[in-house]
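Below, read A as the first sequence line, B as the second, and so on, with proteins coming before strands; counting in each chain starts at 1. Small disclaimer: the values here were computed from a predicted structure and weren't measured.
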Number of protein chains: 4
Amino acid sequence: MVSGMPSRNPSQSARTGRPRSAAADAAILDATRAALVELGWSKLTLGDVASRAGVAKTTLYRRWPGKNELVVDAVAVLFDELEVPDRGSLAADIEGVVLEFAALLERPEARTALMAVVAESTRDEALRERIRDSIVDRQKRLVLLGRRRAQARGELPPAPDEASAAHVDDLIFDVIAGAVVHRALVSAEPVDKEWIRGLTGLLLGGLSAATEA
Amino acid sequence: MVSGMPSRNPSQSARTGRPRSAAADAAILDATRAALVELGWSKLTLGDVASRAGVAKTTLYRRWPGKNELVVDAVAVLFDELEVPDRGSLAADIEGVVLEFAALLERPEARTALMAVVAESTRDEALRERIRDSIVDRQKRLVLLGRRRAQARGELPPAPDEASAAHVDDLIFDVIAGAVVHRALVSAEPVDKEWIRGLTGLLLGGLSAATEA
Amino acid sequence: MVSGMPSRNPSQSARTGRPRSAAADAAILDATRAALVELGWSKLTLGDVASRAGVAKTTLYRRWPGKNELVVDAVAVLFDELEVPDRGSLAADIEGVVLEFAALLERPEARTALMAVVAESTRDEALRERIRDSIVDRQKRLVLLGRRRAQARGELPPAPDEASAAHVDDLIFDVIAGAVVHRALVSAEPVDKEWIRGLTGLLLGGLSAATEA
Amino acid sequence: MVSGMPSRNPSQSARTGRPRSAAADAAILDATRAALVELGWSKLTLGDVASRAGVAKTTLYRRWPGKNELVVDAVAVLFDELEVPDRGSLAADIEGVVLEFAALLERPEARTALMAVVAESTRDEALRERIRDSIVDRQKRLVLLGRRRAQARGELPPAPDEASAAHVDDLIFDVIAGAVVHRALVSAEPVDKEWIRGLTGLLLGGLSAATEA
DNA sequence: CGATAAACGAGACGGTACGTCTAGTCTTGAA
DNA sequence: TTCAAGACTAGACGTACCGTCTCGTTTATCG
């Protein structure tokens with residue numbers, strides 16, 4: 001199943017009756033992003049999204065359980081656009097992906113939505129799953145790719161075993177993503193080139209120290 | 001310093017009229033934390049907080065502009081309880097403070113509130129200021145203290161100048177706080193001893209590499 | 001004629017969407033009268049009316065602009081119950097209708113509501129219209145009927161022309177209704193048989209004197 | 001005791017302490033009338049009256065129990081300005097006083113206040129008393145004076161006994177006042193010369209018919 | 001003259017209702 | 001069976017007044 005798609009009736013196939021409009025899904029997600037930009041998370045209402053999308057509220061509720069899940073689906077695709085540019089060195093690759101991530105966090109729909117759904121997810125197990133599936137786990141590919149590329153270049157030693165490599169990947173993922181998000185949204189200070197260089201230096205130092213040991 | 005306190009009438013001193021009840025402030029903030037634990041951010045209502053506190057809604061609105069500001073003040077004190085335990089080495093000190101921070105993020109009122117107000121702050125400059133003053137900047141003392149202690153122990157070289165030291169402190173702050181928050185709330189995985197050891201190792205390696213250069 | 005009914009969407013026909021519940025209208029008006037009896041005008045709240053009627057506040061506000069208009073509609077039907085009993089003579093007819101009117105003004109919902117909405121109408125042109133349409137003009141039929149009956153009996157000469165007859169009708173209407181209301185509510189003294197006999201005598205004398213001239 | 005004055009401490013004289021400001025009474029009543037003109041009964045608030053009068057709310061509540069009583073006192077003096085002009089005949093006298101009364105009912109503070117306090121009085125015995133004492137009974141002097149003058153002129157026979165004369169006076173009072181109020185405020189049509197002539201004709205006819213019998 | 005006592009302004013207080021908004025569901029007729 | 005439309009119940013929102021209270025201050029009379 002492709003993430004981000006609202007679930008079809010799960011029990012059995014709906015052979016009879018009018019089929020759901022495929023266009024409606026796209027219109028709703030577009031409208032959601034547009035409303036996030038204009039209004040932000042807390043002032044976004046599903047009634048407004050529905051009318052922007054030219055769709056009845058019932059249509060919307062038939063496909064998503066509520067605001068949280070809709071917004072997760074609406075912003076997940078933004079994160080899928082992230083890439084690790086091949087800039088020739090691990091340091092440059094890290095700087096490149098961080099720049100992209102910082103640019104993403106400049107977009108108002110991402111800024112306002114990300115923290116909000118995470119906040120909601122602290123009391124909603126299903127939402128936490130959805131966020132993990134649609135956003136978090138999908139972006140770990142960036143760390144994996146960066147590491148493999150560095151190993152191919154000889155900048156990092158080959159992984160002794162997959163399990164411990166995955167642990168390190170997870171750590172690096174949380175450190176990079178966490179540091180950037182914290183800088184951008186909590187400390188509310190610019191993620192500029194200088195800061196990124198500092199972060200990259202810290203990481204590379206830490207990684208090489210770890211591999212030397 | 002009196003941060004975290006609701007603002008008295010700012011223009012001029014209120015010598016006249018009935019003075020505001022000091023007990024009400026405490027009751028409201030206690031009620032806010034209790035409601036956060038029970039209901040979480042999104043189901044917390046100011047009417048409920050008021051009635052828990054045994055206070056009229058107007059009293060609450062007279063002192064705080066809204067839910068965001070109230071919650072910032074209510075949880076800010078939780079962050080003030082963080083300390084850097086002196087465990088004899090920089091590594092142990094980092095592990096100690098991260099453990100404390102992780103414990104704080106286990107508390108439901110902190111979990112649900114922190115991300116939520118940050119999300120709101122992306123569209124509210126005044127709220128951003130308030131968070132910075134009441135929470136973020138106040139906790140940077142932890143990094144400062146940890147660094148000074150390490151320098152006193154000789155684990156880190158003395159700072160060449162204050163400005164660049166502050167930059168490094170800020171970086172370390174965002175990396176540690178960001179990584180822990182991201183691990184706990186976004187990745188939604190446990191901040192356990194093993195993970196903390198990995199993070200600490202990465203940091204120490206990065207720091208020593210940086211100071212050797 | 002459907003006066004007293006809340007206005008349907010005025011611009012164009014509502015063919016689409018769920019139709020408004022007809023039962024709700026009746027429940028709301030009943031609840032309004034009941035609340036007027038128990039609480040009186042000034043303590044009647046729309047929230048209370050809604051909950052008595054088993055209806056949400058929004059349903060109420062969707063149909064009436066506010067308390068004034070709702071109460072006018074709620075009490076207008078009481079006035080429609082007034083009749084001119086055929087007692088065989090003009091004097092007896094007048095006494096009969098005044099007795100009925102006095103009995104109406106004994107009812108607490110009418111007492112408390114009538115003056116209140118009139119008071120409000122002194123600053124609200126639309127409300128003035130509504131009162132005129134729903135209450136005042138509808139009751140002028142009583143005077144018209146009484147006059148026609150008296151003319152048929154030969155107690156009053158036939159009207160020379162309709163216009164002047166209407167003027168006299170209006171005068172008689174204001175005199176009778178005004179005198180009874182003033183006695184009952186302003187002077188706050190009983191509208192008993194003796195007083196009614198005096199009023200009737202005054203009117204008959206005045207009418208016969210006018211027609212003799 | 002002169003009506004319209006707020007009650008001093010009733011039990012016994014207050015010899016000691018700061019005496020009440022006499023100027024405050026006047027300022028409050030003036031402010032009340034001004035607020036009635038601007039805002040009308042239902043939007044008049046005691047807080048606004050107090051601030052218009054340059055007085056604290058407590059000062060106001062120390063003197064009047066509430067809005068109803070304050071407004072009765074504030075408008076009662078307007079009614080005391082009514083006079084029966086001596087125009088030489090009973091018909092002309094009636095027309096004169098009705099004209100004055102109609103002019104009074106054109107004043108917004110009187111229009112909005114009179115019906116409102118009467119409406120409130122239907123559920124408040126004490127208020128009913130206050131209205132009777134401050135307004136209603138005081139204006140019956142007008143009917144008494146008109147009757148005596150007409151008797152002196154020989155237009156009406158002398159009263160056989162005082163009791164029945166008082167009954168007739170009361171009836172005439174309710175008829176005139178009621179008709180004018182109903183015409184002006186309920187029917188919401190102009191109390192113009194033509195209508196007044198009709199009313200006067202009706203009354204004179206009725207009175208002469210009664211005295212002939 | 002100093003003590004006492006009430007009235008005063010200011011404004012905070014607990015309440016209550018307001019009229020609006022949004023959530024999520026339900027009921028129509030049309031596709 | 002879905003769809004657009006829109007009415008429905010439920011309940012929070014933030015505001016406005018209510019009538020009371022608690023201050024510090026003022027203005028009188030009385031001892």
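Rounded to whole Å, atom P of F/dC13 lies 11 Å from atom CG of B/Leu70. For D/Arg52 and F/dC17, the CZ to P distance is 12 Å, given to the nearest whole Å. Put simply, CG on C/Leu60 is 14 Å from P on F/dA10, counting in whole angstrom units. Between C/Arg63 atom CZ and E/dG19 atom P there is a gap of 18 Å when expressed in whole angstrom units.
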> Can B/Arg130 and B/Asp73 be said to form a salt bridge (Lys or Arg N to Asp or Glu O under 4.0 Å), step by step?
Replying inline: CA-CA 9 Å; B/Arg130 197 179 193 108; B/Asp73 284 5; 3.1 Å; yes

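The shortest distance between the side-chain N/O atoms of B/Arg20 and the OP1/OP2 oxygens of E/dA10 is not below 4.0 Å. A close approach under 4.0 Å does not occur between any side-chain nitrogen or oxygen of B/Arg62 and OP1 or OP2 of F/dT15.
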> How does protein contact run along nucleotides 21-31 of chain E, one letter per nucleotide 5' to 3', with B for base contact, S for sugar-phosphate only, - for none, heavy atoms under 4.0 Å?
Replying inline: BBSBBBBB--B

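Contact annotation for C/Thr59: base contact, defined as any heavy-atom pair under 4.0 Å involving a base atom.
When the side-chain hydrogen bond (donor to acceptor under 3.5 Å, both in side chains) test is applied to A/Glu109, the partners found at least two apart in sequence or on another chain are A/Arg107. Scanning for side chain to side chain contact (heavy atoms under 4.5 Å, CB included) contacts around B/Thr45 gives B/Asp48, with sequence neighbours left out.
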Identify every side-chain donor-acceptor pair in residues 26-38 of chain C under 3.5 Å, counting partners at least two apart or on other chains, and give the distances.
{"unit_1": "C/Asp30", "atom_1": "OD1", "unit_2": "C/Arg33", "atom_2": "NH2", "d": "2.7"}
{"unit_1": "C/Thr32", "atom_1": "OG1", "unit_2": "C/Ile28", "atom_2": "O", "d": "2.7"}
{"unit_1": "C/Arg33", "atom_1": "NH1", "unit_2": "C/Ala74", "atom_2": "O", "d": "2.6"}
{"unit_1": "C/Glu38", "atom_1": "OE1", "unit_2": "C/Arg52", "atom_2": "NH2", "d": "3.0"}
{"unit_1": "C/Glu38", "atom_1": "OE2", "unit_2": "C/Arg52", "atom_2": "NH1", "d": "3.2"}

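Residue pairs meeting the salt bridge (charged side-chain N to carboxylate O under 4.0 Å, His left out) criterion with at least one partner in residues 115-125 of chain C, sequence neighbours excluded, are C/Glu125-C/Arg128.
At least one donor-acceptor pair under 3.5 Å links the side chain of C/Thr122 to the backbone N or O of C/Ala119.
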